[in-house]
Amino acid sequence: MQSTRSTALSRALRTAVRSHPHTAKRHTSSVALLSQRFQPQSQHQQHQPQNILSRLAASFTPSLTQQTRHASSSTTPQTDLQKTPLYDLHLSHGGKMVPFGGFHMPVQYSSLGVAQSHLFTRSHASLFDVSHMVQRLILGPGAAAFLERITPSDCKNLETHKSTLSALMTLDGKGGISDDTIITKLAEDKFYVVTNAGCRGKDNNYIDREMAKWNTEMGHEGLKVREEQLDGWGLVAVQGPKAEEILQGVLTEEGVDLKKLLFGGSLYAKVKYGGGKVSSPLLISRGGYTGEDGFEISIPPAETVGVTEAFLAAGPEEIQLAGLGARDSLRLEAGMCLYGHDLNDSITPVEAGLSWIIPKERRSENAGYYGADVIAKQLVPKSKGGAGVHRRRIGLLVEGAPAREGAEIVSRSEDGKEAISLGTVTSGCPSPSLGKNIAMGYIKDGFHKVGTEVDILVRGRPRKAVVTKMPFVPTKYWKGTAPA
């Protein structure tokens with residue numbers, strides 16, 4: 001499976017490079033490294049990067065192989081790939097397209113390298129096309145109760161136009177995560193749910209099956225639910241310290257003050273675009289996947305290009321298009337999970353350090369969602385009589401070469417003591433913001449405390465690492481006061 005994914009994405013990137021011959025020389029080393037991305041680590045030895053900048057250039061594009069979100073997009077035939085509404089816009093701006101989640105998606109653009117795009121997002125603003133994500137509405141009088149069966153969220157008490165990170169729980173009752181999701185309450189009987197592109201088929205089957213079961217059991221009580229997928233709709237993320245200013249500048253409503261829209265909140269507003277046109281009311285949510293302040297905007301198909309161009313009209317000094325490469329390094333610096341790698345159906349929210357997504361009202365064994373009894377026991381540490389967990393998600397700072405997914409975490413081998421296996425790296429890359437190698441992974445409970453020194457086997461050699469608090473870079477979410 002690893003070699004198939006590596007070869008397919010390497011081929012896709014070579015195609016992207018050929019379509020941009022003026023950048024071919026600059027990307028030769030990245031493509032060569034990519035072809036080795038999922039081979040045994042010893043095969044990497046001849047590709048030692050010379051400095052942090054060369055590691056950045058060579059590392060982020062290969063890391064996209066990890067972003068297949070549990071269902072590998074790299075195995076999808078090119079002819080079967082879908083296009084987002086912004087496909088032509090990407091090409092016109094020098095986008096280098098790769099298969100991802102069943103879509104043609106930009107990994108980067110000719111205007112900026114991946115590391116430069118990453119840093120531009122942190123200092124200005126970037127626009128990401130995330131239209132490949134699955135947008136759906138869960139509708140009906142039983143919508144909140146239905147979502148509370150399949151997720152640990154408190155949807156009934158979630159405030160209108162507020163969002164929460166959540167998880168579709170596995171149906172086996174073991175507390176695993178079938179997919180991670182964002183749930184936004186638009187009305188008592190209307191919820192906007194965004195799930196991962198690579199899990200589209202799995203999630204569709206999951207929701208269809210569970211919804212049919214729910215309507216059979218609860219429909220006679222007036223609690224029927226239905227789903228509406230927003231197929232073909234655009235979804236763009238404007239991220240960075242300039243995001244609010246850029247978005248505020250294109251809104252038509254003078255009464256909409258984005259300063260009052262806090263992180264996790266949403267509203268409907270219209271956007272001016274295309275020489276006097278006005279969009280339909282767009283759902284604008286404050287949040288994102290970068291750790292920066294920003295917004296995600298859901299847009300009807302016919303308006304997606306025009307609205308996106310309105311954002312870009314602020315000029316390249318303020319906002320640039322950014323691709324999957326920068327998105328991956330930004331989310332890792334922010335300590336955010338990538339499904340299929342940092343999360344999967346065998347990892348529970350407690351193990352993943354996501355206990356905070358489970359509100360107090362839903363922490364009992366009879367909370368009513370799949371796996372509630374397992375989660376309730378894990379929430380109580382072993383020291384207090386609970387089950388606790390055997391592993392925990394951690395952040396790591398790594399010396400020397402970057403640690404990649406699958407690298408083994410072992411105890412520090414000192415004083416002749418034999419190293420013991422402690423866990424596995426699930427994501428890793430050089431950090432453009434820190435100039436250091438960062439990684440995320442799972443480690444045996446008891447070794448998870450910040451400051452714990454361990455080794456990571458990189459290319460067969462132990463590299464010193466230290467358990468580090470996440471996020472690696474402070475987040476800048478707008479919560480009503482400027483971040484320190």
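In this text, all values refer to a predicted model and were calculated from it rather than measured experimentally.
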Checklist line | side chain to side chain contact (heavy atoms under 4.5 Å, CB included) between F191 and L147, worked out | finding: CA-CA 9 Å; F191 291 81; L147 287 170; 3.6 Å; yes
Notebook entry, point to check: Is it true that R363 and D154 have a side-chain N and a carboxylate O under 4.0 angstrom from each other?
Noted result: no
Check: Going by heavy atoms in the side chains, are F447 and I394 under 4.5 Å from each other?
Finding: no
Next item on the list: Check whether any side-chain heavy atom of E453 sits under 4.5 Å from a side-chain heavy atom of K464, and report yes or no.
Entry: no
Next item on the list: I would like to know whether I438 and V398 meet side chain to side chain contact (heavy atoms under 4.5 Å, CB included); could you show each step before the answer?
Entry: CA-CA 6 Å; I438 60 174; V398 187; over 6 Å; no
Notebook entry, point to check: Under the side chain to side chain contact (heavy atoms under 4.5 Å, CB included) criterion, do V466 and L396 qualify, and how do the steps go?
Noted result: CA-CA 6 Å; V466 60; L396 294 156; over 6 Å; no
Item checked: Test item: N437 side-chain N/O and G400 main-chain N/O as donor-acceptor pair under 3.5 Å -> yes
Checklist line | Donor + acceptor pair across side chains of E351, Y442 (<3.5 Å) | finding: no
Margin query: Given 3.5 Å as the limit, does a donor-acceptor pair link the side chain of S153 with the main chain of C155, or not?
Written below: no
Item checked: Name of the residue among R122, K242, R331 meeting salt bridge (charged side-chain N to carboxylate O under 4.0 Å, His left out) with E292 -> R122
Notebook entry, point to check: What pair of heavy atoms forms the shortest contact from G175 to I375, and how long is it?
Noted result: O-CD1, 3.9 Å
Next item on the list: Inspect the surroundings of NZ in K382 and state if more than 12 heavy atoms from other residues, nucleotides or ligands are less than 6.0 Å away.
Entry: yes
Notebook entry, point to check: Which atom pair, heavy atoms only, marks the closest approach of G480 to L262?
Noted result: N-CD2, 3.6 Å
Notebook entry, point to check: What distance separates I299 CD1 from L283 CG, expressed to the nearest 0.5 Å?
Noted result: 10.5 Å
Margin query: Ring-plane angle category for H90 and Y109, please: parallel below 30°, perpendicular beyond 60°, tilted otherwise.
Written below: tilted
Note to self: Using a 3.5 Å distance criterion without hydrogens, assess whether the side chain of T452 forms a donor-acceptor pair with backbone atoms of H448.
What the structure shows: no
Notebook entry, point to check: Under a 4.5 Å cut-off applied to non-hydrogen side-chain atoms, are S131 and P85 in contact?
Noted result: yes
Check: Between R136 and N204, is any side-chain donor less than 3.5 angstrom from a side-chain acceptor?
Finding: yes
Notebook entry, point to check: CD of E210 to CE of M169: how many Å apart, nearest 0.5 Å?
Noted result: 12.5 Å
Check: Would you say the side-chain atoms of D129 and T84 include a donor-acceptor pair closer than 3.5 Å?
Finding: yes
Margin query: Would the distance check show the side chain of Y206 and the main-chain N or O of L168 forming a donor-acceptor pair, the cut-off being under 3.5 Å?
Written below: no
Check: Less than 4.0 Å between a side-chain N and a carboxylate O, is that true for E399 and R463?
Finding: no
Item checked: Main-chain N/O of S178 paired to Y339 side chain as donor or acceptor, under 3.5 Å -> yes
Checklist line | Backbone of G340 reached by a side-chain donor or acceptor of N344 within 3.5 Å | finding: no
Note to self: Within the 3.5 Å criterion, strictly below it, is a donor on S266 or S285 matched to an acceptor on the partner's side chain?
What the structure shows: no
Check: Can you tell me if S126 and Q320 form a side-chain donor-acceptor pair at under 3.5 Å?
Finding: no
Note to self: Run the side chain to side chain contact (heavy atoms under 4.5 Å, CB included) test on Y369 and R149 for me, step by step, so that the C-alpha distance in whole Å, both residues' side-chain angles and the decisive distance to 0.1 Å come before the verdict.
What the structure shows: CA-CA 4 Å; Y369 63 87; R149 173 184 282 188; 5.8 Å; no
Notebook entry, point to check: When you measure from the side chain of Q135 to the backbone N and O of V193, does any donor-acceptor pair fall under 3.5 Å?
Noted result: no
Notebook entry, point to check: Looking only at side chains, do E405 and T426 share a donor and an acceptor under 3.5 Å apart?
Noted result: no
Next item on the list: Indicate whether the side chain of T348 and that of Q378 have a donor and an acceptor atom separated by less than 3.5 Å.
Entry: yes
Next item on the list: Please determine if K185 and E159 form a salt bridge, counting it only when a charged side-chain N lies under 4.0 Å from a carboxylate O.
Entry: no
Margin query: Any heavy-atom pair between the side chains of L86 and V236 that's under 4.5 Å?
Written below: yes
Next item on the list: Evaluate the side-chain proximity of L457 to V410: yes if any heavy-atom separation is below 4.5 Å, no if none is.
Entry: yes
Next item on the list: Scan side-chain atoms only and decide if S421 and E408 contain a donor-acceptor pair under the 3.5 Å cut-off.
Entry: yes
Check: Does a side-chain N-to-carboxylate-O contact under 4.0 Å join K259 and E244?
Finding: yes
Next item on the list: Flag the pair L230 / Y192 as yes when at least one side-chain heavy-atom distance between them is below 4.5 Å, and no otherwise.
Entry: yes
Notebook entry, point to check: Would a distance-only check, ignoring hydrogens and angles, find a side-chain to backbone donor-acceptor pair under 3.5 Å from E333 to G291?
Noted result: no
Notebook entry, point to check: D445 and salt bridge (charged side-chain N to carboxylate O under 4.0 Å, His left out): which partner among R393, R392, R391?
Noted result: R392
Notebook entry, point to check: Would a distance-only check, ignoring hydrogens and angles, find a side-chain to backbone donor-acceptor pair under 3.5 Å from T121 to S117?
Noted result: yes
Next item on the list: Inspect the surroundings of NZ in K162 and state if more than 12 heavy atoms from other residues, nucleotides or ligands are less than 6.0 Å away.
Entry: yes
Note to self: Could you check whether H118 and S433, counting side-chain N and O atoms only, form a donor-acceptor pair closer than 3.5 Å?
What the structure shows: yes
Notebook entry, point to check: Can you tell me if T170 and D345 form a side-chain donor-acceptor pair at under 3.5 Å?
Noted result: no
Checklist line | Charged N-O contact under 4.0 Å between D293 and R286 | finding: yes
Note to self: Taking L324's backbone N and O only, do any of them form a donor-acceptor pair with D328's side chain (distance below 3.5 Å, no angle check)?
What the structure shows: no
Checklist line | Salt bridge present between D203 and R200 (N-O < 4.0 angstrom) | finding: no
Check: Do K476 and P241 have side chains that get closer than 4.5 Å, going by heavy atoms?
Finding: no
Checklist line | Check: F100 and V107 side chains under 4.5 Å, non-hydrogen atoms | finding: no
